[in-house]
Amino acid sequence: MTADRRTVLRTAAQLAALTAAGGILTGCGSGTPRRADTGTLAAHPGAVDPQHTTDPAWNGGEGPESPAPTTPAAPQPTGEPTPAATQTSAPPTPPALTPLAAGTPYEVVYGPRTGKNVALTFHGSGDPKLATALLEAAEQRGAKLTVMVVGSWLDQQPQMARRILDGGHELGNHTQNHLNISAMTPDQARAEIAQCADRLQKLTGSIGRWFRPSAAQYATQMVRDQAKAVGYEHVLSFDVDPRDYNDPTAAELQRRVLNTVRGGSVVALHMGHQCTIDALPAILDGLAKAGLKPVTASQLCA
């Protein structure tokens with residue numbers, strides 16, 4: 001009996017990445033810079049937020065996210081061709097990337113403070129129904145989001161990659177299993193980044209522009225080095241953390257965001273929490289009243 005070819009390839013790729021730090025992918029560039037904007041984009045400030053680093057097991061309040069177990073496919077009847085033998089899929093068309101401003105730092109914490117744009121970024125995992133409801137709520141108000149996906153989530157919900165892009169949003173890499181990447185060896189960290197990049201490449205035709213470390217607000221130098229090796233030219237941090245992973249009430253979450261956000265802010269939120277979906281319409285209305293526009297991270301830094 002022959003195992004599913006895709007299962008064999010996936011298993012081999014994971015073993016190679018974990019044992020030899022293989023699977024290095026060539027990243028798409030950040031585009032041709034359009035204008036100089038010195039001093040308007042904040043780089044890594046050199047300080048680590050203790051909320052995200054004191055506990056080595058911290059991962060955003062959601063618990064470890066392990067990839068779904070791989071099981072062999074059911075055998076095909078003798079003489080009946082397998083789907084892989086009868087279908088040839090064209091490679092996906094990579095999403096267009098907005099060119100970034102000249103001088104955009106490697107690690108972006110926030111964008112130009114003089115502008116009226118803000119970036120709402122979301123940890124991509126959880127119930128796909130909740131994720132879809134959140135995307136629909138944003139799209140009804142014309143908001144563009146940046147979703148930093150966990151690779152194991154894409155293994156379980158591959159359709160979500162295309163759904164996010166088709167809504168005009170942006171995708172980024174938030175590691176394969178959402179573990180404490182800062183505590184890993186360089187080879188382990190590189191494998192975590194590369195495996196998620198591989199999922200994005202296969203599903204969208206691009207590894208995406210942005211990488212965000214898991215269980216940390218900022219990237220250590222080791223993590224930066226491994227992200228660069230995989231092909232990422234930019235790390236996306238954030239300056240507003242309303243801690244929606246603690247499941248506050250929708251009213252409390254709305255207050256936390258609107259009392260802290262300002263022009264150029266990058267807000268860190270999560271898709272898999274009902275409170276976030278409940279609060280999003282009011283958050284978007286509040287941003288509009290303040291004259292702030294939710295855009296993708298790339299648009300923020302353009």
Side-chain angles (χ1 to χ4, degrees), residues 10 14 51-52 55 57-70 119-139 144-167 169-182 184 189 191-204 207-217 219 223 227 232 235-238 240-248 253 266-280 296-297:
R10 181 182 305 161
Q14 291 173 338
Q51 175 185 341
H52 297 284
D55 180 1
W58 183 90
N59 66 345
E62 297 191 6
E65 298 183 43
S66 300
T70 303
L120 300 182
T121 68
F122 288 82
H123 173 122
S125 68
D127 186 340
K129 293 181 180 179
L130 294 180
T132 301
L134 187 143
L135 294 171
E136 290 174 348
E139 290 157 8
K144 302 302 181 185
L145 314 178
T146 299
V147 182
M148 308 303 294
V149 291
V150 176
S152 58
W153 186 58
L154 289 183
D155 288 342
Q156 299 166 2
Q157 309 295 337
Q159 77 283 357
M160 290 306 303
R162 196 71 253 168
R163 171 63 183 86
I164 291 164
L165 292 178
D166 288 346
H169 312 291
E170 188 170 27
L171 276 174
N173 181 326
H174 198 33
T175 74
Q176 177 64 17
N177 296 298
H178 201 259
L179 304 174
N180 186 352
I181 194 168
S182 303
M184 295 180 182
E192 277 288 304
I193 301 167
Q195 288 177 36
C196 184
D198 178 65
R199 306 308 189 266
L200 287 168
Q201 181 74 46
K202 290 178 180 177
L203 292 171
T204 71
I207 67 171
R209 167 174 281 151
W210 305 101
F211 167 72
R212 174 174 286 173
S214 49
Q217 181 174 3
V223 172
Y232 287 98
V235 169
L236 183 63
S237 184
F238 50 88
V240 177
D241 180 10
R243 304 182 306 283
D244 60 337
Y245 49 80
N246 287 334
D247 293 313
L253 180 56
V266 179
V267 185
L269 293 161
H270 295 70
M271 279 187 148
H273 293 259
Q274 185 64 50
C275 66
T276 308
I277 298 170
D278 294 341
L280 186 61
T296 67

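We're numbering straight along the sequence, starting at 1.
Under the side chain to side chain contact (heavy atoms under 4.5 Å, CB included) criterion, Arg163 pairs with Thr132, Leu135, Glu136, Glu139, Met160, not counting sequence neighbours. For Asp244, the side-chain hydrogen bond (donor to acceptor under 3.5 Å, both in side chains) test picks out His270, Thr276, with sequence neighbours left out. Listed by chain and residue number, nothing satisfies the side-chain hydrogen bond (donor to acceptor under 3.5 Å, both in side chains) test with Asp127 (two or more places apart in sequence, or in another chain). For the side-chain hydrogen bond (donor to acceptor under 3.5 Å, both in side chains) test, residues two or more places apart in sequence or in another chain that qualify with Gln159 are Gln157. By the side-chain hydrogen bond (donor to acceptor under 3.5 Å, both in side chains) test, Ser237 is found to be paired with no residue, residues two or more places apart in sequence or in another chain being considered. Scored by the side chain to side chain contact (heavy atoms under 4.5 Å, CB included) test, Pro158 finds Leu203 as partners (sequence neighbours excluded). Residues meeting the side chain to side chain contact (heavy atoms under 4.5 Å, CB included) test with Ala119, sequence neighbours left out: Thr121, Val266, Leu300.
Using a 4.5 Å heavy-atom threshold, the side chains of Asp241 and Gln217 count as separate.
Tested against Arg199 for a side-chain hydrogen bond (donor to acceptor under 3.5 Å, both in side chains), the candidates Asn173, Thr204, Asp155 yield a single pass: Asp155. If you run side-chain contact (heavy atoms from CB on, under 4.5 Å) between His123 and each of Met148, His178, His273, only His178 comes through.
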| field | side chain to side chain contact (heavy atoms under 4.5 Å, CB included) between Val223 and Val235, intermediate numbers included | value | CA-CA 10 Å; Val223 172; Val235 169; over 6 Å; no

| field | side chain to side chain contact (heavy atoms under 4.5 Å, CB included) evaluation trace for Met271 with Trp153 | value | CA-CA 12 Å; Met271 279 187 148; Trp153 186 58; 4.2 Å; yes

| query | Going through the checks in order, is the side chain to side chain contact (heavy atoms under 4.5 Å, CB included) test met by Gln176 and Asp198? | reply | CA-CA 10 Å; Gln176 177 64 17; Asp198 178 65; over 6 Å; no

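Side-chain N or O atoms of Ser214 include one that pairs as donor or acceptor with a backbone N or O of Leu179 at under 3.5 Å. Between the Tyr232 side chain and the Ile207 main chain, a donor and an acceptor come within less than 3.5 Å of each other.
In this structure, the separation between CG on Leu269 and CG on Leu134 is 8.0 Å, given to the nearest 0.5 Å. To the nearest 0.5 angstrom, Arg209 atom CZ is 13.0 Å from Leu171 atom CG. The CD1 atom of Ile193 sits 4.0 Å away from the CZ atom of Phe211 when rounded to the nearest 0.5 Å. Distance check, rounded to the nearest 0.5 Å: CD1 of Ile277 to NZ of Lys129 gives 12.0 Å. Distance check: His174 NE2 to Leu200 CG gives 12.5 Å after rounding to the nearest 0.5 Å. In this structure, Phe122 CZ and Ser125 OG are separated by 12.0 Å, a value rounded to the nearest 0.5 Å.
Nearest heavy-atom pair, Glu170 versus Trp210, reported as atom, atom and distance to 0.1 Å: OE2-NE1, 3.2 Å. Here the closest heavy-atom approach between residue Cys275 and residue Leu253 is recorded as O-CD2, 3.9 Å. Counting all heavy atoms, side chain and backbone alike, Ala268 lies closest to Pro242 at O-CD, 3.2 Å. The shortest heavy-atom contact between Ile181 and Ala189 is CG1-CB, 3.7 Å.
With no hydrogens or angles considered, no side-chain donor-acceptor pair links Gln195 and Asn177 at under 3.5 Å.
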